[in-house]
Amino acid sequence: MSEQSEETLPEKKEVLHKRYEWLDQFRGLIIIFLIISVITWPLTGDPTGSGDTWIGPPLLNHGFQYLNGWPPIITIIDIGQQIFMFILGFVGYIAFTSRREKKGAKAAWKHGLIRVAVLYALAFIDDGLVGGLISDGNIPWDEVLWYGTLANLAIGTFAAYFFTYLMPKNADRRMIIAVVMMIIHAGLYATGIFDYKGPLPSGEILFPFNAFNHAAIAIAATCFSQWYKLDPENPKVGFKKRILPAATISIIAFYCLDWVQPAEHHDATTSLALLAIAASGFLIAVFFSFEQLGFKVPVLSEMGRNMLFLFIFAFLFDITIGLFMDSSREFFASNPIITMLLIGVLPILIEAGIAILLAKRNWIIKI
């Protein structure tokens, strides 16, 4: 469904909440990183040279593609999904509370549950049908229900709505819940008796590690969102008293815990979750500061307004590039400039063009 941006709606229609330009800028940057993760994935090869030729910049592919051992290698791409979860929690708090205040709890839950249902529907299509039934002849229900990217986004989004509903006024208490969840995750993960998705030997008891910490990240994000309005007249107060201190504590906690239980992508270990929360907190501060300085990165706002739609659209590049790699890997490996232009740049330009077109028509694709 498409609809006009809130800023351009007719005056007679109530605006539920304000759009923040700096937040759209932040969302735009993250969608670019997610596009990069999608287009570099099919380029993966054997870094030792004994298998398929490796193509593309190492920093911009998942670390476990190089070494899926323990401890795993972590790159900036390995926290992209978790930062995306943070964004959904951050904006989910704004959307849920604005509807609750102006239209009631029923309307807020209706909007929230539709969002969760759509994410699950997309999970069934992408992980269940395309990635499962069509590819392997079976539907991987764990990917569809609790482990896949879209399933994790659905679970985290629901958690953000649920705890916002339970504790609408107390962000500090919600943050305590998020921290307790991450501590529980770390404790259970350390026992070694649970079924892991990562490189560790699997235990016998099933536990949804990936989904659990994604929910914790989303809940933490609702706190950052509420802290932004700690002083309704001056957002700088929230940044100084809560957002930046919380991000700083998170990065220190990540550093300490990473010595004991290293960051791991597949199971979203607590060290990885803390790194994502810290990075998200610092990035929203950066883009808020950019706005205060009157600086704006071109096209990021347009991409940020349709973030989820562009992310889903990006999977077409994953499929297309994968098909090319089957027959033309050596050509791309031998021509890095052509590869950079066709695979590294063109998909981002296409997505940016779509975003600009939607912005000109004042359309926001609601998913």
Side-chain angles (χ1 to χ4, degrees), residues 28-84 122-123 125-140 143 147-150 197-199 210 262-267 272 299 303 309-355:
L29 174 67
I30 300 309
I31 191 60
I32 288 178
F33 272 112
L34 288 168
I35 294 169
I36 291 172
S37 73
V38 168
I39 63 180
T40 57
W41 179 272
L43 307 181
T44 300
D46 188 341
T48 67
S50 59
D52 288 338
T53 304
W54 192 281
I55 304 172
L59 181 63
L60 300 179
N61 206 330
H62 287 285
F64 62 82
Q65 299 282 40
Y66 300 89
L67 176 63
N68 192 26
W70 190 260
I73 296 174
I74 294 295
T75 71
I76 190 172
I77 296 301
D78 284 305
I79 59 171
Q81 179 180 323
Q82 289 72 36
I83 295 178
F84 195 89
L122 292 171
I125 294 171
D126 183 54
D127 294 316
L129 298 181
V130 177
L133 190 62
I134 295 176
S135 300
D136 302 322
N138 295 297
I139 296 178
E143 295 277 345
Y147 181 68
T149 297
L150 290 162
K197 284 288 184 175
N210 207 24
E264 201 282 320
H265 173 81
H266 294 90
D267 297 303
L272 186 84
V299 188
M303 297 187 76
F309 170 73
L310 294 178
F311 172 55
I312 295 168
F313 186 85
F315 282 98
L316 295 177
F317 297 117
D318 180 20
I319 297 171
T320 304
I321 294 170
L323 293 175
F324 276 111
M325 286 303 107
D326 289 340
S327 59
S328 306
R329 177 174 289 272
E330 292 306 319
F331 170 79
F332 285 110
S334 303
N335 296 275
I337 295 178
I338 293 176
T339 303
M340 180 268 291
L341 293 173
L342 291 182
I343 297 179
V345 175
L346 184 60
I348 295 176
L349 292 179
I350 292 172
E351 295 252 13
I354 294 172

Q: So, for P72 and A263, which heavy atoms are closest and what is the spacing to 0.1 Å?
A: CG-O, 3.3 Å

Q: Please enumerate all residues that pass side chain to side chain donor-acceptor pair (under 3.5 Å) together with E143, with sequence neighbours excluded.
A: none

Q: List the residues meeting side chain to side chain donor-acceptor pair (under 3.5 Å) with N335, not counting sequence neighbours, and say none if there are none.
A: none

Q: My understanding is that only residues two or more places apart in sequence, or in another chain, count here; which of them pass side-chain contact (heavy atoms from CB on, under 4.5 Å) with P57?
A: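 Partners of P57 by the side-chain contact (heavy atoms from CB on, under 4.5 Å) criterion, ordered by chain and then number, come out as L60.
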
Q: Heavy-atom distance under 4.5 Å between the side chains of I77 and Q65, does that happen here?
A: no

Q: Quick one: closest heavy-atom pair of A333 and T53, and the distance?
A: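 Looks like CB-CG2, 3.5 Å.
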
Q: Who pairs with S37 by side chain to side chain donor-acceptor pair (under 3.5 Å), at least two apart in sequence or on another chain?
A: none

Q: Any non-hydrogen side-chain atom of P42 less than 4.5 Å from a side-chain atom of F317?
A: no

Q: Tell me every residue that passes side chain to side chain donor-acceptor pair (under 3.5 Å) with Y66, counting only those two or more places apart in sequence or in another chain.
A: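 Partners of Y66 by the side chain to side chain donor-acceptor pair (under 3.5 Å) criterion, ordered by chain and then number, come out as W54.
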
Q: What are the two closest non-hydrogen atoms of I55 and M325, and how far apart are they?
A: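 For I55 versus M325, the nearest heavy atoms are CD1-SD, 3.8 Å.
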
Q: Is there a side-chain contact (heavy atoms from CB on, under 4.5 Å) between N210 and K197 once you walk through the steps?
A: CA-CA 8 Å; N210 207 24; K197 284 288 184 175; over 6 Å; no

Q: Looking only at non-hydrogen atoms, find the nearest pair between F84 and L34 and report the distance.
A: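 Between these two residues, the closest heavy atoms are CD1-CD1, 2.7 Å.
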
Q: When rounded to the nearest 0.5 angstrom, what is the spacing between CD1 in I74 and CD in E264?
A: 6.5 Å

Q: Which atom names give the shortest non-hydrogen contact between D127 and G148, and what distance separates them?
A: OD2-CA, 3.9 Å

Q: Could you check whether the rings of H265 and H62 sit parallel, tilted or perpendicular, using 30° and 60° as the cut-offs?
A: tilted

Q: Would you say the side chain of F332 lies within less than 4.5 Å of the side chain of I321, judging by non-hydrogen atoms?
A: no

Q: Can you measure from CG (L346) to CD (E351) and round to the nearest 0.5 angstrom?
A: 10.5 Å

Q: Hey, what do you get for CD1 (I39) to CG (L342), rounding to the nearest 0.5 Å?
A: 11.0 Å

Q: So do the side chains of I348 and I36 get within less than 4.5 Å of each other, counting heavy atoms only?
A: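 Counting from C-beta outward, I348 and I36 do come under 4.5 Å.
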
Q: Taking the side chain as every heavy atom from C-beta outward, state whether Q82 and L272 have any pair of such atoms under 4.5 Å apart.
A: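 Sidechains of L272 and Q82: in contact.
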
Q: Which heavy atom in I35 sits nearest to a heavy atom in A314, and how many Å separate them?
A: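 Smallest interatomic distance, heavy atoms only, reads CG1-CB, 4.0 Å.
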
Q: Between CG of L122 and OG1 of T149, what distance do you get to the nearest 0.5 Å?
A: 12.0 Å

Q: Do I83 and F33 make a side-chain contact, defined as non-hydrogen atoms from C-beta onward lying under 4.5 Å apart?
A: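 Of all side-chain heavy-atom pairs linking F33 with I83, none is under 4.5 Å.
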
Q: Check step by step if side-chain contact (heavy atoms from CB on, under 4.5 Å) holds for N61 and T75.
A: CA-CA 7 Å; N61 206 330; T75 71; over 6 Å; no

Q: Please round to the nearest 0.5 Å and tell me the distance separating atom CZ of F313 and atom CD1 of I31.
A: 11.5 Å

Q: So F331 and I338, do their side chains get closer than 4.5 Å, heavy atoms only?
A: yes

Q: Are more than 12 heavy atoms from other residues, nucleotides or ligands located less than 6.0 Å from atom CD1 of I337?
A: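 No, CD1 of I337 has 12 or fewer neighbouring heavy atoms, counting only those of other groups under 6.0 Å.
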
Q: Counting only heavy atoms from other residues, nucleotides and ligands, does the tally under 6.0 Å from CZ of F315 exceed 12?
A: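 Yes, the 6.0 Å shell around CZ holds more than 12 heavy atoms from other groups.
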
Q: Can you list everything that forms a side-chain contact (heavy atoms from CB on, under 4.5 Å) with N68? Sequence neighbours excluded, please.
A: F64, P199, H266

